[in-house]
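Data first, discussion second: the structure below is written as structure tokens.
Reckoned from all heavy atoms, side chains included, excluding hydrogens, waters and symmetry mates.
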Protein chains: 2
Amino acid sequence: MADGRRLRVLVVDDHDVVHWGFRLLLTQQPWVERCVSARTGAEALELAQRFEPHVAVVDLFVGDESGTEICSAIRSGCPGTRVLLISGSGRISATAARAAGAAGFVSKDLAGADVARAVRSIGTGVDVFAPTESGPASRLSPREREVLDLIATGATNREIGATLHLSPYTVKEHASSVYRKLDVRNRAEAVREAQRLGLLA
Amino acid sequence: MADGRRLRVLVVDDHDVVHWGFRLLLTQQPWVERCVSARTGAEALELAQRFEPHVAVVDLFVGDESGTEICSAIRSGCPGTRVLLISGSGRISATAARAAGAAGFVSKDLAGADVARAVRSIGTGVDVFAPTESGPASRLSPREREVLDLIATGATNREIGATLHLSPYTVKEHASSVYRKLDVRNRAEAVREAQRLGLLA
DNA sequence: AGACTTTTCCCCCAATCGGGGGAGGCGACG
DNA sequence: CGTCGCCTCCCCCGATTGGGGGAAAAGTCT
């Protein structure tokens, strides 16, 4: 794709510090043509269409909005733009990122040079899914994550079952699996641990 | 305190992007002499003692470490340095921030100019506690916070009672008060809400 | 094909939870 | 002085939880 061409990059994040950080990081790169930032999904979409960036760096949580949704919106509204999802402290499943149409996923925890390299790789057509899933977080199955999400809202097993169209027995089963995998004893601790691991918004 | 003098600032955060963001933001300010960054509590302490910054900007969560603890460490290891605590998305009680010896607290959500102004205010001896306490967080009594902390560890009311030398009945009473005040139904949701409000770390 | 994981469902049972009620003591604030 | 919030303790009760057991279908990986 982009070979001898310099890249345009769009940064989507609700924190100004992140904007400045990326701007400082990226404008120093000789292969970056320009770097613009959006603070909301709507702004991101608008900028993407007007600006046609090669790469959109999208935070997993942009205010109240979901990074994966913004990713999907950019993908459909501006097909030429490839999306790199970045996470604050937590992790996301590579499959979920792919499902949203992302071309890559990395953690903000990575050193600057690594993030920059990831942006460049995305821009040149190479997919990047950095944090090879390893922690206890990754061992949670999709179903278990769904259940965990609902547990964090204070829902009972019965309510979760109704929501997910499952028997309360099954919900309890998934909940117990989550407790085992996260090494916690109950819902309260599971929520705390999930927050710590960045599994919840 | 610092009048005609330009300020040295230490940024403590585990995310490089935040470092770059603050660097870009602060080095543009004419009243900033220099801006250095630390990625861990130990590094922060070391830099604080060697560098004697006027202001230390400390994230509420630095990797696995607690921002308030780093704040305390800086305060005792380098009394001349005043600390500005910053939060990612959540909030913290101003009282908790004060207890840790912080001279101020703001949210990363603030616009750049506001954050910069807060840093400058801290450096010139003015305390800054931006999100004026009003929410449900501040209404929690000390006992209720203790109970909430222990609930987040997965402890049962009986265990909490043993820890705090209270009857399980009393613990249950405090727990119920917490639920009422945070407008949640149970422990799991209370933990999630407490995290969101920055009551836990 | 066998091992493995995931998902789904069921039962039993003790422990825990959370709301409701009541009660007394304390200190602050007006 | 009365009220109000905080802290402490107690009981009852139904709902919920979480561990133990078993079972079956589907898919993946080797």
Side-chain angles (χ1 to χ4, degrees), chain A residues 91-96 98-99 129 132-194 199, chain B residues 93 95-96 99 133-194 199:
Chain A
R91 290 151 198 121
I92 190 186
S93 75
T95 51
R98 282 182 213 272
F129 288 92
T132 311
E133 303 272 331
S134 60
S138 60
R139 291 202 292 266
L140 290 191
S141 73
R143 226 15 167 192
E144 286 161 356
R145 283 176 202 234
E146 283 182 306
V147 170
L148 179 55
D149 279 344
L150 290 168
I151 281 178
T153 70
T156 68
N157 291 337
R158 187 179 311 277
E159 290 167 343
I160 296 171
T163 303
L164 300 180
H165 307 292
L166 291 176
S167 150
Y169 298 113
T170 307
V171 175
K172 210 175 77 159
E173 177 58 38
H174 291 311
S176 292
S177 296
V178 170
Y179 304 154
R180 271 197 309 275
K181 293 182 178 179
L182 294 187
D183 190 29
V184 298
R185 293 183 291 171
N186 49 42
R187 309 182 153 233
E189 198 180 357
V191 171
R192 175 166 154 281
E193 188 64 7
L199 295 176
Chain B
S93 75
T95 50
E133 296 277 324
S134 60
S138 59
R139 289 202 291 265
L140 289 192
S141 74
R143 228 9 169 195
E144 286 160 356
R145 280 173 203 236
E146 283 183 306
V147 170
L148 178 57
D149 278 344
L150 290 168
I151 282 178
T153 71
T156 67
N157 291 337
R158 186 180 311 277
E159 291 167 343
I160 295 172
T163 302
L164 299 181
H165 306 293
L166 290 177
S167 152
Y169 298 111
T170 307
V171 175
K172 209 176 75 161
E173 177 58 37
H174 291 311
S176 290
S177 296
V178 170
Y179 304 153
R180 270 196 310 274
K181 293 183 178 179
L182 294 186
D183 190 29
V184 297
R185 292 183 293 170
N186 50 41
R187 312 187 150 227
E189 198 180 358
V191 171
R192 174 167 154 281
E193 189 64 7
L199 295 176

Can you pull every protein N or O that's under 3.5 Å from an N or O on nucleotides 22-30 of chain D?
none

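- Comparing B:R143 and A:I151, the nucleotide of DNA chain D nearest to each residue sits closer to the 5' end for B:R143.
- Atoms CD and NZ, from A:E193 and A:K181 in turn, are 14.5 Å apart once rounded to the nearest 0.5 Å.
- As a whole-Å value, the separation of B:K172 NZ from D:dT16 P is 15 Å.
- In this structure, the separation between CG on A:L182 and OG on A:S177 is 10.5 Å, given to the nearest 0.5 Å.
- Pairs of residues two or more places apart, or lying in two chains, that qualify as side-chain hydrogen bond (donor to acceptor under 3.5 Å, both in side chains) and include a residue from residues 154-171 of chain A are A:N157-A:R187, A:E159-B:R185.
- For the pair A:R158 CZ and D:dA15 P, the interatomic distance rounds to 9 Å; values are reported in whole Å.
- Contact check for B:I160 versus B:L166: no side-chain heavy atoms found under the 4.5 Å cut-off.
- Across all their heavy atoms, B:A175 and B:I151 have their closest contact at CB-CD1, 4.0 Å.
- B:R187 has its CZ atom 10 Å from the P atom of D:dG18, to the nearest Å.
- Contacts with DNA chain D (heavy atom under 4.0 Å) in residues 160-171 of chain B: B:L166, B:S167, B:Y169, B:T170, listed by number.
- Protein atom CD of A:E189 is 15 Å distant from nucleotide atom C1' of D:dT17, rounded to whole Å.
- Annotation: side chain of A:L164 is in contact with side chain of A:V147 (closest heavy-atom distance under 4.5 Å).
- Under the 4.5 Å side-chain criterion, counting only non-hydrogen atoms from C-beta, A:R145 is not in contact with A:P142.
- What separates CG of B:L140 from C1' of D:dG5 is a distance of 14 Å, to the nearest Å.
- The main-chain N or O of A:A152 is never found under 3.5 Å from a side-chain atom of A:D149 such that the two would form a donor-acceptor pair.
- Comparing the helix axis at one end of the helix from C:dA1-D:dT30 to C:dG30-D:dC1 with that at the other, each defined from 5 consecutive pairs, gives an inter-axis angle of 60° (nearest 10°).
- Remark: C1' of D:dC6 and CZ of B:R180 are 12 Å apart, rounded to the nearest angstrom.
- Listed pair A:T156 / D:dA15 fails the phosphate criterion, with no side-chain N or O lying under 4.0 Å from OP1 or OP2.
- Looking at residues two or more places apart in sequence or on another chain, you find a side-chain hydrogen bond (donor to acceptor under 3.5 Å, both in side chains) between B:E146 and B:R143.
- Taking atom OH of A:Y179 as the reference point, atom P of D:dG20 lies 14 Å away to the nearest angstrom.
- First and last contacts of DNA chain C with chain A, using any nucleotide atom under 4.0 Å from a protein heavy atom and ordered 5' to 3', fall at C:dT6 to C:dC12.
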